[in-house]
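Below: the structure, in structure tokens.
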Amino acid sequence: MAKPNFHEIEEKIKKFWDENQIYKTKDLSDENIYSVDTPPPTVSGKMHIGHAFSYSQQDFIVRFMRMFKGNVFYPFGTDDNGLPTERLVEKTNNVKSKNMGRQEFVLLCLETLKKIKPAFIQDWKDIGVSCDYNVTYSTIDPQAQKISQKSFVELYNKGQIYKKSFPTIWCPECQTSIAQAELEDKESSTKFSTLKFSCEGKDLLIATTRPEMLYSCVAVFVNPKDERYASIVGKTANVPIFDYEVPIIADESAEIDKGTGVLMICSYGDRFDVDAINRHGLTPKVIMEKNGTINAPGYEGMYVTKAREKILEDLKEKNLIFEQKDITHVVNVHDKCGTAIEFVETPQWFISVIDKKKDLLEQGNKINWYPEYMKKRYDNWVSGLEWDWSISRNRHFGIPIPAWECSCGEIVVAKENELPIDPTTVEKKCPKCNEVMVPETMVLDTWATSSVSPQIATDLVENKIKLPYSLRPQAHDIIRTWAFYTIVKSYLHENKIPWKDIVISGNVSLGGEKMSKSKGNVVDPKAVLEKYSADALRYWASGSKLGSDLDYQENDLVTGMKLVNKILNAANFVFMNLKDYDGKSRPEKLEKVDLIFLTKVELLVKRVTKAFKSYEYSKAKQEVDEFFWKVFCDNYLEIVKKRVYQGEGDKKLSAEYALYHGLLTLIKLFAPIVPFVTEEVYQEHYKKIEGDESIHLSRWPEVKNIEQEELDVVHKWETIVNVVENVRRWKSKEQKAMNSEINLTLLKEELVSLEECLEDLKNVTGAVEIKEGKQFRVDFI
RNA sequence: GGUCUCGUAGGCUAAUGGUAGACCCUCUCGUUUACACCGAGAUGGCGCAGGUUCGAUUCCUGCCGGGACCACCA
């Protein structure tokens, strides 16, 4: 047989699935349908290996469920909303959204997306992700806009959304507020300077990394237990350079051994300052502009970093720096652009979550987490929340916030029948003072939309799929965002959990480290597909348990390829000898070995089904894999080979029956993991007899109860294999060929036990004669 | 610093309160009526220290060492 061309086979199979709509949802009204809240990948050019990994894993589960339950809802979506898309569009078209009109930029985004999306989705089809691509949404299309805005309107009307001016986490580069969840840590080096404030003519030393914030200083904190400063509490400190007085306040939050033990409170240097100023009812003195420039006398219009340099020079000149050293510390940066964040007071929209921590923890408890310990990450996140969920973003591209505000303070949101709507295109008058209202120009945070992914998918199928969905598959790094926000929305809207089960996949690592562009240790799945095959890639992805990271090992791809090849070859052998077999005929009495083999297959079905049902696809794969190689190929095929070639009548028929059904079951068990090659075997050999259009639409093998007497018989398998292996070892040691003829001597109990299998045993060991003796022995002829 | 997770052959990974199992690598052999993307055989392993137990790789504690998430900007 010529070497199989995997790419040719996979292309053919892919086309077959596509043309025959194999993965179209069969029955949306089925109450027992297995529904999946598929993660919508961000259209970012192309799929990366992490996608290939996690989408393969969820596809194992879905393919199993499709065969097992008969009906799945597995929609597809893309996340085309938000900053990543803006950045991609800016890069692709070499433009800056800041310099463009909103309408113009949005059009460019939609146009660009339209261009690149088909190729992007094709990547998912290429690895065999069995979504119903007829049911595809985009988080920016009108339908998603409608659902997302509807969510906003409903929650606003329920009093769960409010607009408030508040020091918000702000990205001066993107010029937008961002959520707590969008922060990332970044190491950076800076100068740590101890400045000379003064109190009653004496120096009061305060250390800081942010001298440019000096003019926004509104207080100085010391710890009430700090004896060094006890005498100055209640007095005032003089701020250097700007020469004004601020109160010295005793506050527990000042740590005695940090810096000089004295802490300056600025408006706003960090989250802590925001807290401190509110707590003590201080009047903030905001100097930070939205574009990151400082508004302080002598430093007007300078960007933070520039102002910091300048003010340090000035301080030095005036001998106001007591001490200075270089340190590296960690700063919060915006995860999309890497810019250090600031706190700026702007009006923003929030969803109340802080007051619902308890309920949200309760919701988390109602969901089955796989693996279970991932729930703790959710719990920790919810328990540690400090801010309400900020859902507005000052961007061009995105879903408009459907609201208008009057100068009198009155706010009006859109009516449901107006959605989707861009408020800037509609004029509304204030119901109170009849003035023309100002339309909101901010857009919704992308998570505000992706958190209604179940509702968006449901809307695509005329609301036939209800909450909770059966499954949410996702990665662990977005538990605090996607999982959390989705739980929030379902709770606020319907007081329901969004899904019964959530499965969390791990990351792909290389040499133990997470793969990421910034580390440059990425592997391109396209190249992997090219070199190996989709089945091989999936085989690799099936090697890790849920939640665990998996190191990328090219070897595993090789192993996957070998499996695919082996399946094709085994099928080839089986059907070479089963040309006229009808799939049903069986002898009155099966040969013992065949019966044992089939019973072992049934036991395997039991184990594999159990594993898949609890989402342990890696265990399932391992079971089938081991059985296929060890039991089926290495031993069973070798045992029945001669009986198939040379046997006659019932003896041959028995083998044919066992081979036909044994292989069919095995490829079905393999089908969720390696869908292409199993489909190929099914289409080539089984379809005409079995009748199902695709192996993936066929029924999962039935789990049978095995009687005790059958179990007893199964033990004989070990005895047979044991003898066979001993013979092989003997031959190996004597450096003889495996097919060399021998005289075999077995112990009495072995002979008795294998009474009904002696013919087959002779065939597989090359024994001309088997006799009884005091010990195991092989004699070469 | 906190939370969680992991530490098993040269590499990667599995199971398990009682002789630790694959795959890749290495070594030795063999084979052509399924398969050289083959077959057979061999070498080789539970991070460290305590505790619970008749018995610990497995359970507990501490330490050491990875990783993830969170916190930390005086």
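Owing to the predicted nature of the structure, the values given are computational and were not obtained by experimental measurement. Chain letters run A, B, ... following the sequence lines, proteins first, then strands; residues in each count from 1. Hydrogens, waters and symmetry mates play no part in the numbers below; they use all other heavy atoms, side chains included.
- Residues that satisfy the salt bridge (Lys or Arg N to Asp or Glu O under 4.0 Å) test with A:Asp760, not counting sequence neighbours, are A:Arg643.
- For A:Tyr229, the ring-ring contact (aromatic ring centres under 6.0 Å, His included) criterion is met by no residue, not counting sequence neighbours.
- A:Tyr378 comes within contact range of no nucleotide atom at all, as no heavy-atom separation falls under 4.0 Å.
- For the contact set between residues 215-230 of chain A and RNA chain B, defined by any heavy atom under 4.0 Å, there are no members.
- In this structure, A:Pro473 and A:Gln57 have side chains that are not in contact, with every pair of non-hydrogen atoms separated by 4.5 Å or more.
- Where A:Cys633 and A:Arg729 meet RNA chain B, the nucleotide closest to each residue was compared, and A:Cys633 sits on the side nearer the 5' end.
- Nearer to the 5' terminus of RNA chain B, by closest-nucleotide assignment, is the contact made by A:Lys376 (compared with the other of A:Ala737 and A:Lys376).
- Between the P atom of B:G67 and the OH atom of A:Tyr552 lies a distance of 22 Å, rounded to the nearest Å.
- Residues satisfying the side-chain contact (heavy atoms from CB on, under 4.5 Å) criterion with A:His7, sequence neighbours excluded, are A:Asn5.
- Pairs engaging residues 203-216 of chain A under the salt bridge (Lys or Arg N to Asp or Glu O under 4.0 Å) rule: A:Arg210-A:Glu212, A:Arg210-A:Glu342, A:Glu212-A:Arg308 [sequence neighbours left out].
- In this structure, the CG atom of A:Leu550 is 8 Å from the P atom of B:A14, given to the nearest Å.
- Within a heavy-atom distance below 4.0 Å of RNA chain B, the residues of residues 634-641 of chain A found are A:Asp634, A:Leu637, A:Glu638, A:Lys641.
- Counting only heavy atoms from C-beta outward, the side chains of A:Leu659 and A:Leu637 approach each other to under 4.5 Å.
- The side chain of A:His476 has B:A68 as its nearest neighbour among B:A74, B:C73, B:A68.
- Secondary-structure annotation of RNA chain B gives the stems B:1-7 with B:64-70, B:26-30 with B:38-42, B:47-51 with B:59-63, with a stem taken as at least 3 successive Watson-Crick or G-U pairs whose two distances both fall under 3.5 Å.
- Counting only residues at least two apart or in different chains, salt bridge (Lys or Arg N to Asp or Glu O under 4.0 Å) contacts with residues 559-573 of chain A are absent.
- For A:Pro167, the side-chain contact (heavy atoms from CB on, under 4.5 Å) partners at least two apart in sequence or on another chain are A:Tyr268, A:Val274, A:Glu345.
- In this structure, A:Cys217 and A:Cys266 have side chains that are in contact, with non-hydrogen atoms separated by less than 4.5 Å.
- B:C60 and B:U52 have their C1' atoms separated by 7 Å, with the value rounded to a whole Å.
- Counting any heavy atom pair closer than 4.0 Å across all strands shown, A:Asn380 reaches sugar-phosphate atoms only and no base atom.
- In summary, of the residues considered (A:Leu214, A:Leu204, A:Ile311, A:Leu205), a side chain to side chain contact (heavy atoms under 4.5 Å, CB included) with A:Leu195 occurs for A:Leu214 alone.
- Nucleic acid contact for A:Met561: base, since at least one base atom lies under 4.0 Å from a heavy atom of the residue.
- Residue-level contact check: A:Val574 touches neither bases nor backbone, having no heavy atom under 4.0 Å from any strand.
- Counting any heavy atom pair closer than 4.0 Å across all strands shown, A:Ala340 reaches no nucleic acid atom.
- Relative to the ring axis of A:Phe60, A:Lys621 does not place its NZ or CZ within 45° and under 6.0 Å from the centre.
- Using a 4.0 Å heavy-atom criterion, one finds that A:Glu372 contacts no nucleic acid atom at all.
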Taking only nitrogen or oxygen atoms into account, show me every contact under 3.5 Å that the protein makes with nucleotides 24-29 of chain B, one pair per line with its distance.
{"unit_1": "B:C24", "atom_1": "OP1", "unit_2": "A:Lys562", "atom_2": "NZ", "d": "3.4"}
{"unit_1": "B:C24", "atom_1": "O2'", "unit_2": "A:Asn555", "atom_2": "OD1", "d": "2.8"}
{"unit_1": "B:C24", "atom_1": "O2'", "unit_2": "A:Asn555", "atom_2": "ND2", "d": "2.7"}

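- Spacing between B:C23 and B:C38 at atom P, rounded to whole Å, works out to 12 Å.
- Partners of A:Glu616 by salt bridge (Lys or Arg N to Asp or Glu O under 4.0 Å), not counting sequence neighbours: none found.
- A:Ala570 comes within 4.0 angstrom of a nucleotide base, judged by non-hydrogen atoms across all strands.
- Considering only residues two or more places apart in sequence or on other chains, A:Lys619 meets the salt bridge (Lys or Arg N to Asp or Glu O under 4.0 Å) condition with none of them.
- As judged by a 4.0 angstrom heavy-atom cut-off over every strand, A:Asp379 is placed among residues making no nucleic acid contact.
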